[in-house]
Engineer: 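Quick one: structure below, then a few questions.
Index from 1, following the sequence.
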Amino acid sequence: MGSIGFINSDKELKSRVEELFEVNEYYEIVSMDNRHDISDFLDYELSEILIINFSDVSRSLIDTVVKKLKEDSWLHSFGIIGVYDDDDEEEELLDRYSDLNIMVMMSQRRLKSHLIKSLDIISRERHIIFQKVLIDNLVENASGTFLIESDVFIASIYASIITTALSQRGVIAKDKKMFMQLVLSEMIVNAIEHGNCGITYEEKSEFLEKGLNIVDLIAKKCEDPAIARKRVYFEWAVNNQETVFVIRDEGSGFDVNKLKSKIEEEGALALHGRGIKMAVKLAKEIRYNKKGNRLKLVFENDETVHKETPGGFDTEEVLTLNKGDVVFREDELGDFLYYIIAGTYNVYVEEVLVGRITPSDVFMGEMSFLMQNHRSATVIANCPGKILKISRNSYINAIKKYPHYAILLSKLLAKKLVRANDFKVRGEISEV
Ligand SMILES: Nc1ncnc2c1ncn2[C@@H]1O[C@@H]2COP(=O)(O)O[C@H]2[C@H]1O
């Protein structure tokens with residue numbers, strides 16, 4: 001996962017966060033409290049996760065991140081874990097920084113219980129998120145299921161993982177991402193609260209009126225092992241036209257007709273949270289099963305969204321390939337580098353399969369491109385795919401403008417080498 005950047009100038013918070021990482025061998029944290037270090041870190045580490053203190057008095061630190069993102073949002077496609085102190089309003093912060101890919105926001109109180117836990121989930125599911133390790137194919141269907149425990153914070157992480165992936169794939173517009181994330185996370189929270197934990201609206205209101213937090217009510221319910229064992233099943237499937245989500249819980253359901261008539265009576269669904277209100281606006285279809293413990297939401301894909309490509313290459317030619325198409329042949333002169341938008345590709349040397357290239361490699365054809373000589377292998381599309389053809393001139397110009405493109409290419413080559421070593425040792429084609 002590489003280093004995780006922590007942007008913050010609050011000394012007390014710094015030591016609290018670093019303490020959490022000390023006992024964890026898996027992640028390495030780099031704390032930064034000045035613009036210069038942040039700039040360098042973002043350019044050269046190309047980190048996947050940043051932790052940002054959004055209550056930082058030194059706002060210019062956050063502005064540095066925003067500026068970098070504006071320069072090249074493809075290169076800096078990291079997810080953000082936001083922390084704030086209790087004087088700040090989470091919703092206000094989310095609104096203010098809606099351009100940033102905030103995967104989860106947590107108050108400083110929750111750091112101990114949720115920071116490492118959130119990182120673990122993002123790290124486990126990272127294959128479906130980050131642009132540079134993106135899912136194989138734009139044209140093929142993709143689907144998956146998450147099993148979610150009764151933890152309200154975790155719900156929002158899963159919702160953001162999937163909406164981040166959809167937005168990066170160009171399935172939903174960036175400005176819609178935040179709303180879809182909110183809808184899904186509220187629906188999952190409903191399934192946890194009212195489904196698995198069996199909390200009634202009356203019980204919830206009573207608890208809240210006492211000034212208590214719903215998180216504590218859920219924790220209290222989970223003292224019963226039978227409730228604690230229950231999970232929410234969050235399924236997603238995306239095809240060329242639409243994205244379907246199914247949220248199912250293990251509770252006893254509720255009277256769907258009663259909800260329907262309440263909805264008709266109250267028009268704007270006054271009694272039911274912002275999640276349902278937004279879902280009604282955004283979704284093409286919302287359907288509960290009879291029992292009321294399974295919700296299906298269908299969203300139409302946004303056809304007008306352009307999938308992000310690396311900055312500086314916007315005018316290059318996009319090639320569409322079919323299975324079996326030859327991208328280039330061994331020994332040809334290699335003047336172009338290819339950015340992989342979609343598809344998987346087999347690599348043959350003297351007709352022997354030696355490797356497989358996927359979008360996680362980001363580029364292909366970099367070897368002869370860099371060394372100005374002949375292609376080291378023949379590359380053939382393994383399924384329908386899309387690639388961006390980048391000329392030497394364009395790449396060199398991009399490096400002049402953003403020197404870290406050179407670092408990115410070196411990092412990718414190093415990864416490929418690790419994989420090739422793996423292939424030599426184990427004789428199998430693995431994904432790094
Ligand atoms: N063993 C390998 N595993 C994965 N990709 C490879 C391997 N060997 C060559 N390639 C890729 O195939 C490309 C063939 O053309 P290039 O030599 O320009 O650049 C090469 C790399 O992008």
Engineer: Please give me the minimum heavy-atom distance between Val347 and Val379, naming the atom from each residue.
Structural biologist: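 So the two residues come closest at CG2-CG2, 4.3 Å.
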Engineer: Quick one: CD1 on Ile286 to NZ on Lys296, what's the gap to the nearest 0.5 Å?
Structural biologist: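 If I round to the nearest 0.5 Å, the distance is 12.5 Å.
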Engineer: State, yes or no, whether a side-chain contact exists between Lys230 and Lys221 at a heavy-atom distance under 4.5 Å.
Structural biologist: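 Of all side-chain heavy-atom pairs linking Lys221 with Lys230, none is under 4.5 Å.
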Engineer: Carefully, step by step, assess Phe78 and Val65 under the rule side chain to side chain contact (heavy atoms under 4.5 Å, CB included).
Structural biologist: CA-CA 11 Å; Phe78 42 77; Val65 178; 3.8 Å; yes
Engineer: Taking C-beta and beyond as the side chain, do Val215 and Arg110 meet within less than 4.5 Å on heavy atoms?
Structural biologist: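 Sidechains of Arg110 and Val215: in contact.
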Engineer: Just so I know, are the side chains of Leu115 and Tyr27 near enough to count as touching, which here means a heavy-atom distance under 4.5 Å?
Structural biologist: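 Not touching, per the 4.5 Å side-chain cut-off.
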Engineer: Below 3.5 Å, can you tabulate the donor-acceptor pairs from side chains in residues 149-159 to any protein atom, sequence neighbours excluded?
Structural biologist:
{"residue": "Glu149", "atom": "OE1", "partner": "Lys117", "partner atom": "NZ", "Å": "3.4"}
{"residue": "Asp151", "atom": "OD1", "partner": "His114", "partner atom": "NE2", "Å": "3.0"}
{"residue": "Asp151", "atom": "OD1", "partner": "Phe153", "partner atom": "N", "Å": "3.0"}
{"residue": "Asp151", "atom": "OD2", "partner": "His114", "partner atom": "NE2", "Å": "2.7"}
{"residue": "Asp151", "atom": "OD2", "partner": "Lys117", "partner atom": "NZ", "Å": "2.8"}
{"residue": "Ser156", "atom": "OG", "partner": "Phe153", "partner atom": "O", "Å": "3.1"}
{"residue": "Tyr158", "atom": "OH", "partner": "Arg124", "partner atom": "NH2", "Å": "2.9"}

Engineer: How far apart are the closest heavy atoms of Ala279 and Met187, and which atoms are they?
Structural biologist: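 Here Ala279 and Met187 meet closest at CB-CE, 3.7 Å.
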Engineer: Of all the heavy-atom pairs spanning Ile172 and Lys177, show the shortest one and how long it is.
Structural biologist: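 For Ile172 versus Lys177, the nearest heavy atoms are CD1-CA, 3.9 Å.
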Engineer: Between Phe245 and Phe299, how do the two ring planes meet: parallel, tilted or perpendicular, split at 30° and 60°?
Structural biologist: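 It falls in the perpendicular class, over 60°.
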Engineer: State, yes or no, whether a side-chain contact exists between Asn8 and Ser31 at a heavy-atom distance under 4.5 Å.
Structural biologist: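 Not in contact.
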Engineer: Please confirm whether the backbone N or O of Tyr44 pairs with a side-chain atom of Lys411, one donor and one acceptor, at under 3.5 Å?
Structural biologist: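 Indeed, once roles are kept as given, a pair shorter than 3.5 Å links the two residues.
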Engineer: Quick one: salt bridge (Lys or Arg N to Asp or Glu O under 4.0 Å) partners of Glu242, sequence neighbours excluded?
Structural biologist: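 Result, salt bridge (Lys or Arg N to Asp or Glu O under 4.0 Å) vs Glu242: Lys284.
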Engineer: Drop me the distance from Lys67's NZ to Leu42's CG, to the nearest 0.5 angstrom.
Structural biologist: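 If I round to the nearest 0.5 Å, the distance is 11.0 Å.
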Engineer: Sub-3.5 Å donor-acceptor pair from the side chain of Asn301 to the main-chain atoms of Val171, do we have one?
Structural biologist: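 No, because the side chain of Asn301 does not come within donor-acceptor range (under 3.5 Å) of the backbone of Val171.
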Engineer: Tell me if a side-chain donor or acceptor on Ser3 pairs with a main-chain N or O of Val30 at a distance below 3.5 Å.
Structural biologist: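 Side chain of Ser3 to backbone of Val30: no pair is present.
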Engineer: Assess the side chains of Asp37 and Asn34: does a donor N or O sit below 3.5 Å from an acceptor N or O?
Structural biologist: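 Their side chains do contain a donor-acceptor pair, which is all the 3.5 Å distance test asks for.
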Engineer: For residues Asn101 and Met103, determine if any side-chain heavy atom of one lies less than 4.5 Å from a side-chain heavy atom of the other.
Structural biologist: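 Yes; the side chains approach each other to less than 4.5 Å.
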Engineer: Within a reach of under 6.0 Å around CZ of Arg16, are more than 12 heavy atoms found that belong to other residues, nucleotides or ligands?
Structural biologist: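 Check passes, neighbour count above 12.
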Engineer: If you apply the rule side chain to side chain contact (heavy atoms under 4.5 Å, CB included), what do you find for Leu100 with Leu69, and how did you get there?
Structural biologist: CA-CA 8 Å; Leu100 299 178; Leu69 260 175; 3.1 Å; yes
Engineer: Is the shortest distance from a Lys or Arg side-chain nitrogen in Lys68 or Asp43 to a carboxylate oxygen in the other one below 4.0 Å?
Structural biologist: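 Answer for the salt bridge query: yes.
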Engineer: Within this structure, what is the CD1-CD1 distance for the pair Ile38 and Ile62, rounded to the nearest 0.5 Å?
Structural biologist: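 Here the interatomic distance stands at 9.0 Å.
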Engineer: So does Glu89 have more than 12 non-hydrogen atoms from other groups sitting under 6.0 Å from CD?
Structural biologist: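 Counting other residues, nucleotides and ligands, CD of Glu89 stays at 12 neighbours or fewer.
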Engineer: Taking the side chain as everything from C-beta on, heavy atoms only, tell me whether Val327 gets closer than 4.5 Å to Leu319.
Structural biologist: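 Side chain of Val327 against side chain of Leu319, heavy atoms only: no contact under 4.5 Å found.
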Engineer: Between Val189 and Ile214, does the side chain to side chain contact (heavy atoms under 4.5 Å, CB included) criterion hold? Intermediate values first, please.
Structural biologist: CA-CA 10 Å; Val189 169; Ile214 189 68; over 6 Å; no
Engineer: Check this for me: Arg287, atom CZ, are more than 12 non-hydrogen atoms of other residues, nucleotides or ligands nearer than 6.0 Å?
Structural biologist: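 No, the 6.0 Å shell around CZ holds no more than 12 heavy atoms from other groups.
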Engineer: Could you please spell out the steps behind the side chain to side chain contact (heavy atoms under 4.5 Å, CB included) verdict for Ser160 and Ile102?
Structural biologist: CA-CA 8 Å; Ser160 85; Ile102 300 175; over 6 Å; no
Engineer: Within a strict 4.5 Å, meaning less than it, do heavy atoms of the Arg294 and Tyr233 side chains meet?
Structural biologist: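 No; the side chains remain at least 4.5 Å from each other.
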Engineer: Looking just at side-chain N and O atoms, do Lys14 and Asn53 make a donor-acceptor pair shorter than 3.5 Å?
Structural biologist: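 On atom types as modelled, these side chains do not qualify, holding no pair under 3.5 Å.
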Engineer: Do the side chain of Asn289 and the main chain of Gly292 share a donor and acceptor less than 3.5 angstrom apart?
Structural biologist: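 Here the side-chain-to-backbone pair exists.
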Engineer: Kindly compute the distance separating OH (Tyr395) from CG (Leu337), expressed to the nearest 0.5 Å.
Structural biologist: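 Tyr395 atom OH to Leu337 atom CG measures 6.5 Å (nearest 0.5 Å).
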Engineer: Does the side chain of Ser252 come under 3.5 Å of the side chain of Asn293 through a donor N or O and an acceptor N or O?
Structural biologist: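 No - no donor-acceptor pair under 3.5 Å links their side chains.
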Engineer: Would you say that more than 12 heavy atoms from the other residues, nucleotides or ligands in this model lie under 6.0 Å from the CZ of Phe179, or not?
Structural biologist: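 Result for CZ/Phe179: open.
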Engineer: Starting at CG of Asp249, measure out to CD1 of Ile148 and round the result to the nearest 0.5 Å.
Structural biologist: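 With rounding to 0.5 Å, CG (Asp249) is 11.5 Å from CD1 (Ile148).
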Engineer: Below 4.5 Å, heavy atoms only, C-beta onward: do Glu366 and Leu412 meet side chain to side chain?
Structural biologist: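 Not in contact.
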Engineer: Could you label the plane-to-plane angle of the Phe234 and Phe146 rings as parallel, tilted or perpendicular, counting under 30° as parallel and over 60° as perpendicular?
Structural biologist: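 Rings of Phe234 and Phe146: tilted, 30 to 60°.
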Engineer: For a quick test of reading the model, state the closest non-hydrogen atom pair linking Phe363 to Leu408 and the distance between them.
Structural biologist: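 Taking every non-hydrogen atom into account, CE1-CD2, 4.1 Å.
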Engineer: Measure the CE-OH distance between Met105 and Tyr97 for me, rounded to the nearest 0.5 Å.
Structural biologist: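 Rounded to the nearest 0.5 Å, the CE-OH separation comes to 8.5 Å.
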Engineer: For Gln181 and Thr163, work out which heavy atoms get closest and say how close.
Structural biologist: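 Of all heavy-atom pairs spanning Gln181 and Thr163, the closest is OE1-OG1, 3.5 Å.
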Engineer: Can you name the closest pair of heavy atoms from Leu217 and Lys204 and give their distance?
Structural biologist: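 Looks like CD2-CA, 4.3 Å.
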